[in-house]
Structures are given as structure tokens and as C-alpha cells.
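Presented below is the structure to which this report refers.
Just the heavy atoms: all of them, side chains too, but no hydrogens, waters or symmetry mates, feed the values below.
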Amino acid sequence: MLGTRKEGFKSGFATLVGRPNAGKSTLLNAIMGKKIAITSSTAQTTRHRFRAVLTTDDYQLVLVDTPGLHKPHDALGEELNVSALKGLEDVDVIAMLIDASQPIGRGDEWVAAQVRATDAKRICVLSKTDIATPEQIAAQREAAEKLSSWDAMVGLSAKNGRNVDAFVEEAVFFLPEGPAWFPPDMETDQPIEVVVAEFIREKILRSFFDEVPHAIGVTTDHMEHDRKKDVELIAASIYVERESQKGMIIGKKGAAIKRIGSEARRDLEQLLGCRVYLDLNVKVKKNWRRDATQIRKFGYGEGA
């Protein structure tokens, strides 16, 4: 199908934007029917702008997940904002996610201004309707209508699947006719090494709730498949900014790093379809979040 054009076949790009924790990655996973993007309640969970590809006989919808737009406090935050704004360029549809359970604030207004400045079709997505009351949803819909002139508005819950299909239908409706840009069996443009590193970082985000998660960078250093034993051998490094953070990640007698490894291994075995041996090392790279060169070495933001 790649590069060919079936009569009536639609294809195009839809970018998901919004404030941190608006539910972009959760929605992407719900659309794809599997875990591709990591999720957590920590701001700046998403550090890569990447594409997920949903292909059917009638269309190919390329979803662009972006970091949450926010007021940056360091070079990493600035880089992530640049990456998110780049995701608004040259796409057919922009879906702005607004948490239905939280009042619209200045952050939402700023994101909406960026969306209004584009030529793409605009869909307003009221997310997390499963945790919002009908009164909250009605008030949020009224407030959202004032942010922009929307081409469509959808209220949904990615967590329970409500109206996810309706959002996909709206996005596909606005796509132009054209050829498939990616092979039909391709689900993401993220290299497997990046996916592995992100799955590991997710477990750290979910285990620590202070400043440590923001100081974490993860790299996949080596991957090798042992065919005889049908096991994937993976070596990865977890980088922190201070020695004290290294101690927290390792934990007493290595308990924390063992838990992180065990939880990550379960996800990786599902992803790779085989047993996984995971070797994790914790290293210190002082103040890496303030160094644009180091940020790009991790592949975050525009370094991806």
C-alpha cells in the first residue's frame, strides 16, 4: 500500500496538543489499542514528539504525540516546548485536549492561541469525562467554545474508551485523499531503543513523586537477542543530576532499582514477545537538564 493510492483512500497527520497531563498519550494508546506512549501523573512525562500510525483499508491516520506545553523552568522545558510547537506545522488536523475535570486556565488559553495561528482543521477534545460531572463537562464545553472557532468538538474518556472512535471518525473526516505514507504494519516511528528507554523511565516516574523524576534521563545502551534461549538482552543507563538522587533510585540494598527493573521487564516482555534480561545502571550527569547539548544527546525535544 505504501506510496499507492486506492480510490477514496484518505491519509494525513493529526497532532495532539495540550497542557501537561491533558491526556494526550493516554488517548493515543487508546486509539492504537496498545501501549506505545508512556503515561504518568508527572508533568513532562512525554519528552519525544513521535508518530503513531493507524492504518485501515480506508485510511491512514498518523497521530503526532507532543510534550505538554507549559511555562519552562530550564533548558529541557524550553526544548520540549519547541518540540511541541513544531508538531503544529504542516499537519492536516490539530486536536487540542482540555481536561474536562479542571477549569480552563491561562495555559489552555495560550495553547489555543498557538492552535488558532495554524491553517489546520481544529478539533477540541474534552478529555477525562469519566472523572468529570455532567455540570463540569457542560461548563467546560461552554468555556472551550470561547477559546477558538472549532471545526469539531468531542468529549471522551480514553481510560474507558468512551467516544474514542468518535474522535477518530472526526479526525479522518478532515483528512485529504492521498497515498499511505507508512507501511501498513508500522505502528510508530520511534526506534525500539527509544521505546525501551521510555518504558523504563515510566516506571521511575510512577515510583517517585518529588523532583527526582524530572532529573531522570534514560538511554538504551545495548540490545541483543539470544536466539538459543529466546531472550532479549538489554543494557540501559539511568542518569540523574546528583549523587543523592542516585541513592534514591538504587534504594536500600538495591530494592528500588530491582523494583523498577522488574516492572519494566514485564512491559518489555509484552512489547517484544519474549523473555527479557534487563541490566540497569545508574549514573550521575550533573545538571544535564540545563545543557541543551546533553538534552539532545538523550534524544529529547528536537534532539529526537
_Test applied, side-chain contact (heavy atoms from CB on, under 4.5 Å); reference residue, Ile216; option that passes from Ile249, Val282, Leu205_ =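 Looking at Ile249, Val282, Leu205, the match for Ile216 under the side-chain contact (heavy atoms from CB on, under 4.5 Å) is Ile249.
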Given side chains that start at C-beta, do those of [X] and [Y] come closer than 4.5 Å, heavy atoms only?
{"X": "Leu272", "Y": "Ile192", "answer": "yes"}
{"X": "Gln114", "Y": "Val17", "answer": "no"}
{"X": "Trp110", "Y": "Arg19", "answer": "no"}
{"X": "Leu233", "Y": "His222", "answer": "no"}
{"X": "Val218", "Y": "Phe199", "answer": "no"}
{"X": "Arg162", "Y": "Leu156", "answer": "no"}
{"X": "Glu241", "Y": "Lys286", "answer": "no"}

Minimum heavy-atom distance [X]-[Y], with the two atoms named:
{"X": "Ser101", "Y": "Ile131", "answer": "OG-CD1, 3.7 Å"}
{"X": "Gln190", "Y": "Val194", "answer": "OE1-CG1, 3.0 Å"}
{"X": "Met32", "Y": "Ile36", "answer": "CG-CD1, 3.7 Å"}
{"X": "Ser148", "Y": "Arg122", "answer": "OG-NE, 3.2 Å"}
{"X": "Gly12", "Y": "Asp92", "answer": "CA-OD2, 3.1 Å"}
{"X": "Val164", "Y": "Ala158", "answer": "CG2-CA, 4.0 Å"}

Atom pair [atom1] ([X]) and [atom2] ([Y]), whose distance is rounded to the nearest 0.5 Å:
{"X": "Arg275", "Y": "His225", "atom1": "CZ", "atom2": "NE2", "answer": "9.5 Å"}
{"X": "Glu198", "Y": "Lys35", "atom1": "CD", "atom2": "NZ", "answer": "10.5 Å"}
{"X": "Met153", "Y": "Glu170", "atom1": "CE", "atom2": "CD", "answer": "11.5 Å"}
{"X": "Asp151", "Y": "Phe173", "atom1": "CG", "atom2": "CZ", "answer": "9.5 Å"}
{"X": "Cys274", "Y": "Lys229", "atom1": "SG", "atom2": "NZ", "answer": "13.5 Å"}
{"X": "Arg265", "Y": "Glu232", "atom1": "CZ", "atom2": "CD", "answer": "13.5 Å"}

*Go through the steps to decide whether Phe167 and Ile31 satisfy the test side chain to side chain contact (heavy atoms under 4.5 Å, CB included), and finish with yes or no.*
CA-CA 9 Å; Phe167 166 73; Ile31 292 170; 3.7 Å; yes
*How are the rings of Phe13 and Phe182 set to each other: parallel, tilted or perpendicular (split at 30° and 60°)?*
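Geometry flag for Phe182 against Phe13: perpendicular rings.
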Cluster link [X] to [Y], ILVMFWY, side chain under 4.5 Å:
{"X": "Ile260", "Y": "Tyr277", "value": "no"}
{"X": "Met96", "Y": "Ile104", "value": "yes"}
{"X": "Ile204", "Y": "Val284", "value": "yes"}
{"X": "Ile238", "Y": "Leu278", "value": "yes"}
{"X": "Phe174", "Y": "Leu16", "value": "yes"}

*Count the heavy atoms belonging to other residues, nucleotides or ligands that lie under 6.0 Å from NZ of Lys203, then report whether that count exceeds 12.*
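Check passes, neighbour count above 12.
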*Asp230, CG atom: more than 12 neighbouring heavy atoms under 6.0 Å*: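 Result for CG/Asp230: enclosed.
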Quick check against the 3.5 Å criterion: does [X] have a side-chain atom that pairs as donor or acceptor with the backbone of [Y]?
{"X": "Asn163", "Y": "Gly155", "answer": "yes"}
{"X": "Ser11", "Y": "Pro179", "answer": "yes"}
{"X": "Trp150", "Y": "Ala144", "answer": "yes"}

*Taking side-chain hydrogen bond (donor to acceptor under 3.5 Å, both in side chains) as the test, write out the residues that go with Ser157, two or more places apart.*
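In terms of side-chain hydrogen bond (donor to acceptor under 3.5 Å, both in side chains), with neighbours along the sequence ignored, Ser157 is linked to Asp130, Asn160.
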*Should the pair Lys34-Glu187 be classified as a salt bridge under the 4.0 Å nitrogen-to-oxygen rule?*
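Counted as a salt bridge, because a side-chain N and a carboxylate O are separated by less than 4.0 Å.
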*asked:* Show every salt bridge (Lys or Arg N to Asp or Glu O under 4.0 Å) that has at least one partner inside residues 94-106, sequence neighbours left out.
replied: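 Qualifying pairs, neighbours excluded: Asp99-Lys128.
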_Checking Gln102 against Asp108 for the side chain to side chain contact (heavy atoms under 4.5 Å, CB included) test, could you report, in this order, the C-alpha distance in whole Å, the side-chain angles of both residues, the deciding distance, and whether it holds?_
CA-CA 11 Å; Gln102 299 293 327; Asp108 295 298; over 6 Å; no
